[in-house]
There are 2 protein chains.
Amino acid sequence: MGNPVEEKREIIAGELKKRGLRMTLPRRVIIETLADADSYLTAEDIYHKFHAEHPGIGLATVYRTLVLFHQLGIVTKLDVGEGKARFELARTEHHHLLVCEKCYKVVKYSDFTTQEKDGFAELERLVEKMYHFRINRHVVQYCGVCPECLAKEGAS
Amino acid sequence: MGNPVEEKREIIAGELKKRGLRMTLPRRVIIETLADADSYLTAEDIYHKFHAEHPGIGLATVYRTLVLFHQLGIVTKLDVGEGKARFELARTEHHHLLVCEKCYKVVKYSDFTTQEKDGFAELERLVEKMYHFRINRHVVQYCGVCPECLAKEGAS
DNA sequence: GTTCGTGCAAACCCTTTGCACAAAC
DNA sequence: GTTTGTGCAAAGGGTTTGCACGAAC
C-alpha cells in the first residue's frame with residue numbers, strides 16, 4: 001500500500017479483471033509513466049519515457065492501451081488542436097486548463113473557490129435538463145499566450 | 001449593406017488588405033460557406049458544400065485558408081478529439097459547447113445568466129494574474145452523451 | 001510586371017490495423 | 001490449451017508542402 005502508484009495500479013488491475021482483461025507488463029509500464037508525469041503526455045512522450053528501460057514495448061501498444069484506458073475511464077484525453085492527442089490518468093481532483101496557443105503548453109490549476117465549484121455543478125444540472133444530454137464531465141480551457149511566449153514576443 | 005454575410009466579407013477584406021493580403025474567389029467562397037453554416041464544419045465539410053458550384057477550388061486551398069483565417073482571428077478552431085479539426089467564423093457572441101462523446105455532435109448555447117457571465121469574466125482576470133498568461137478566450141465544453149445516442153444505448 | 005494565391009499531387013505525421021507470435025489465465 | 005495482448009510493418013486519414021501556373025494588384 002502506501003505507494004500511490006501501486007495503489008492506482010491495483011485499482012486499474014481490478015477494473016480490467018472485471019471485464020476479462022489482463023494486467024500485462026506494457027499496461028503496467030504505461031500506468032507508471034502516466035502516474036509519474038505531472039502534465040499531459042502524447043503517446044510518443046509516453047513511449048520515449050520508458051523506451052530506454054523497456055525497448056521491447058512498441059508504440060502501437062501505447063496507442064492501443066490508451067484507447068482501452070480511455071474507454072474504461074482510466075485515462076483522460078485532451079486535444080487542443082496540436083495535431084496530436086494528450087493523455088493523463090483520470091483524477092478525482094477536477095481541474096481547469098490554461099493552453100498556450102503559441103507553444104501548446106498546458107498548465108492545470110485546481111484551486112477553485114467554493115463559489116466556482118457550486119456554480120459549475122449547478123450549471124451542469126441545468127444544461128443537462130435543457131438539452132437532454134447526459135453530462136459526464138466538463139472541460140474549461142483558457143486559451144492565450146504563456147509567459148515564456150509573451151517574453152519572446154516582446155523581444156522580437 | 002443589410003446582408004450580414006456581405007458585411008462580414010467586407011470586414012474580412014479590410015483585415016486582409018491591412019496586411020497586404022488579397023480577397024480572392026476561394027477566400028470569398030469559404031467565408032460564405034462558413035457564414036451559411038449553423039455549426040462547426042470540418043475542412044472537408046466546407047469543401048463539399050461549395051464543390052458542386054466551384055469545382056475548381058481545391059481542398060488544399062481550404063486548409064491553407066483556414067490556417068490563415070485562424071491566425072488572423074477570423075475563424076475559431078475546435079478540436080474535440082475526433083481526429084479532425086472543426087471551424088466556424090469567430091463570433092462576437094460567446095457560447096459554450098455540449099459535445100457528444102459517442103457521435104461527436106456539437107451543440108452550442110449562449111443563453112447564459114448574467115451571473116454566469118460575470119463569474120467567467122472575473123475568473124479570467126484572476127487566472128491571468130496568477131499564471132501570467134495573456135488570455136484571449138475561454139472554451140467551456142460539457143462532455144457527455146446526446147439524446148440520440150442515449151436512445152440508441154437504451155434500445156440495445 | 002511583380003507579388004501573392006492556387007491546384008495538383010506527393011509528402012508528412014499521428015494513429016489504426018492485420019497478422020503471426022507470445023503471454024496471461 | 002484457450003483467449004487475450006503484443007510487435008512489427010504496412011495502411012489509413014487528416015493536414016501540409018513543393019512547384020509551376022494563374023490571379024490580384
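Throughout, protein chains are lettered first and strands after them, A, B, ... in sequence-line order, and every chain is numbered starting at 1.
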Worksheet item: So what does Arg64(B) hit on the nucleic acid, given a heavy-atom distance under 4.0 Å: a base, only sugar-phosphate, or nothing?
Response: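 Here Arg64(B) touches the bases of the nucleic acid.
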Ring centres of [X] and [Y] under 6.0 Å apart?
X         : Y         : result
Tyr131(B) : Tyr109(A) : yes
Tyr142(A) : Phe133(B) : no
His138(B) : His96(A)  : no

Practice prompt. By nearest nucleotide on DNA chain D, pick out whichever of Pro26(A) and Phe87(B) is the more 5' one.
Written response: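 Nearest-nucleotide comparison on DNA chain D picks Pro26(A).
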Worksheet entry | Glu82(B) CD: over 12 foreign heavy atoms closer than 6.0 Å |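 Above 12, so yes.
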Worksheet item: Which class fits the ring pair Phe50(A) and Tyr47(A): parallel under 30°, tilted 30 to 60°, perpendicular over 60°?
Response: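 Phe50(A) vs Tyr47(A) ring planes: perpendicular.
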Worksheet entry | Sole candidate of Arg9(B), Arg27(B), Lys8(B) that passes salt bridge (charged side-chain N to carboxylate O under 4.0 Å, His left out) when paired with Glu32(B) |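 So the option named by the test is Arg9(B).
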Worksheet entry | Between Glu44(A) and His51(A), a side-chain donor and acceptor under 3.5 Å |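 Per modelled atom types, Glu44(A) and His51(A) side chains form no pair under 3.5 Å.
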Fill in: Span of DNA chain D, from the first to the last nucleotide whose atoms fall under 4.0 Å of chain A heavy atoms
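From 5' to 3', the first and last contacting nucleotides are dT3(D) to dA9(D).
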Could you check how far [atom1] of [X] sits from [atom2] of [N], rounded to whole Å?
X        : N       : atom1 : atom2 : answer
Gln71(B) : dG5(C)  : CD    : P     : 12 Å
Ile57(A) : dC21(C) : CD1   : C1'   : 16 Å
Lys84(B) : dC14(C) : NZ    : C1'   : 15 Å

Worksheet item: Which distance, rounded to the nearest 0.5 Å, do you find between the CG of Asp36(B) and the CG of Leu89(B)?
Response: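 Result: 10.0 Å between the selected atoms.
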Worksheet item: Which value, rounded to the nearest 0.5 Å, describes the distance between Ile12(A) atom CD1 and Lys17(A) atom NZ?
Response: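 So the CD1 of Ile12(A) and the NZ of Lys17(A) are separated by 15.0 Å.
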Worksheet item: Going by an N to O cut-off under 4.0 Å, is there a salt bridge joining Glu53(B) and Lys49(B)?
Response: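 No, no charged N to carboxylate O under 4.0 Å.
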Might you list the N or O atoms of the protein lying below 3.5 Å from N or O atoms in nucleotides 22-25 of chain C, with each pair's distance?
residue, atom, partner, partner atom, Å
dA24(C), N3, Arg22(A), NH1, 3.1
dA24(C), N3, Arg22(A), NH2, 3.3

Practice prompt. Using five base pairs at each end, measure the axis-to-axis angle across the helix from dG1(C)-dC25(D) to dC25(C)-dG1(D) and round it to 10 degrees.
Written response: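 Helix axis angle between the two ends: 30°.
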